[in-house]
Amino acid sequence: GENVEQHPSTLSVQEGDSAVIKCTYSDSASNYFPWYKQELGKRPQLIIDIRSNVGEKKDQRIAVTLNKTAKHFSLHITETQPEDSAVYFCAASIRAGNQFYFGTGTSLTVIP
Amino acid sequence: EPEVTQTPSHQVTQMGQEVILRCVPISNHLYFYWYRQILGQKVEFLVSFYNNEISEKSEIFDDQFSVERPDGSNFTLKIRSTKLEDSAMYFCASFRTGVYGYTFGSGTRLTVV
């Protein structure tokens, strides 16, 4: 089955700096890659996603890049703010409706 | 914005007891899922449900687990005889084709003592 690895497990950045979280996956059949943000004690919420026919997608301060050949994808948050502090999970799936394989999460702390 | 709702938010049960976790998916969604998250760990897939039957399930979803859609709105997860290691946050999610990404519910924290 699919194996998704995520790095780093913890990340601290100064407010205003950029944060980058990286994930790799093993199954070349995966072609849908969502990112979820989970605040303490709350549900995971989708923040951005990308399909394999796209190399990059951006939504305001958040961007995701995908390298299908190398089987890795990354989340980029620019101009970080304290409210960006949360655990971020990447995931991979064959299709958007199939089961998601989640990474182990990155705890991001933005220091004011 | 439509939400997936789960009840109860927290359930404490004795080991060996049966529990039923309840979910109301978004009304026009057709795919339903249960995931769990042990404290501090990643979210793990349990089961997906479509057209009144299980479409995928993981190794975690053994004979102690079952799912049901008893009526047009509820989607339930039953654990027949709970074990200590079943203690986790259980998330329900639903999905509609054409809209990417699941919508997760707020979760039920199950504590088995």
Side-chain angles (χ1 to χ4, degrees), chain A residues 1-10 21 23-25 27 29-54 57 59 62 64 66 73 75 86-107, chain B residues 1-7 9-10 21 23-26 28-51 54-61 67 88-109 111:
Chain A
E2 174 66 279
N3 180 42
V4 178
E5 295 190 354
Q6 183 171 349
H7 301 281
S9 57
T10 60
I21 303 170
C23 288
T24 60
Y25 62 99
D27 189 350
S30 291
N31 64 7
Y32 174 66
F33 308 93
W35 285 87
Y36 281 83
K37 175 183 180 182
Q38 187 177 29
E39 296 174 5
L40 191 63
K42 296 189 177 180
R43 76 189 79 187
Q45 292 201 300
L46 178 70
I47 55 171
I48 196 166
D49 56 17
I50 192 167
R51 299 179 73 191
S52 62
N53 57 350
V54 175
K57 183 176 177 181
D59 183 3
I62 295 173
V64 58
L66 170 65
F73 56 112
L75 178 72
V87 178
Y88 290 81
F89 290 95
C90 63
S93 177
I94 294 173
R95 290 186 298 120
N98 280 53
Q99 66 165 297
F100 288 178
Y101 295 88
F102 282 88
T104 47
T106 296
S107 178
Chain B
E1 186 175 333
E3 286 191 348
V4 176
T5 56
Q6 288 185 245
T7 55
S9 57
H10 191 187
L21 310 182
C23 169
V24 180
I26 294 173
N28 62 352
H29 286 195
L30 299 177
Y31 297 81
F32 314 115
Y33 311 84
W34 285 100
Y35 281 76
R36 78 171 187 192
Q37 186 177 31
I38 294 170
L39 189 64
Q41 297 186 23
K42 66 177 166 182
V43 180
E44 299 176 292
F45 171 76
L46 294 179
V47 66
S48 60
F49 192 86
Y50 171 72
N51 202 24
I54 291 172
S55 47
E56 286 183 290
K57 61 181 181 179
S58 72
E59 293 173 353
I60 302 168
F61 194 87
V67 290
M89 180 74 92
Y90 287 80
F91 290 104
C92 174
S94 69
F95 167 77
R96 177 171 68 88
T97 52
V99 177
Y100 289 102
Y102 303 157
T103 300
F104 281 94
S106 52
T108 293
R109 180 164 297 286
T111 303

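Each chain gets a letter, A, B and so on, in the order the sequences are listed, and its residues count up from 1.
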Supply the atom-to-atom distance [X] [atom1] to [Y] [atom2], rounded to the nearest 0.5 angstrom.
X	Y	atom1	atom2	result
B/Phe45	A/Ser93	CZ	OG	9.5 Å
B/Gln37	A/Arg43	CD	CZ	13.5 Å
B/Phe95	A/Asn98	CZ	CG	9.0 Å

Which answer fits [X], side chain, backbone, both or neither, if we ask what part of it has an atom under 4.5 Å from a heavy atom of chain B?
X	result
A/Pro44	both
A/Tyr36	side chain
A/Gln38	side chain

Can you tell me which portion of [X] sits under 4.5 Å from chain A's heavy atoms? Options are side chain, backbone, both or neither.
X	result
B/Val47	neither
B/Glu44	neither
B/Gln41	backbone
B/Tyr35	side chain
B/Ser106	both

* Would A/Gln6 and B/Lys42 satisfy side-chain contact (heavy atoms from CB on, under 4.5 Å), going step by step from the backbone distance to the final call? -> CA-CA 11 Å; A/Gln6 183 171 349; B/Lys42 66 177 166 182; over 6 Å; no
* **Shortest non-hydrogen contact from B/Glu56 toward A/Gln99** =>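 Closest heavy-atom pair between B/Glu56 and A/Gln99: OE1-N, 3.0 Å.
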* Asked: Given the side-chain rings of A/Phe100 and B/Tyr33, with only the six-membered ring counted for Trp, is the space between their centroids under 6.0 Å?
  ->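 So the answer is no for these two rings.
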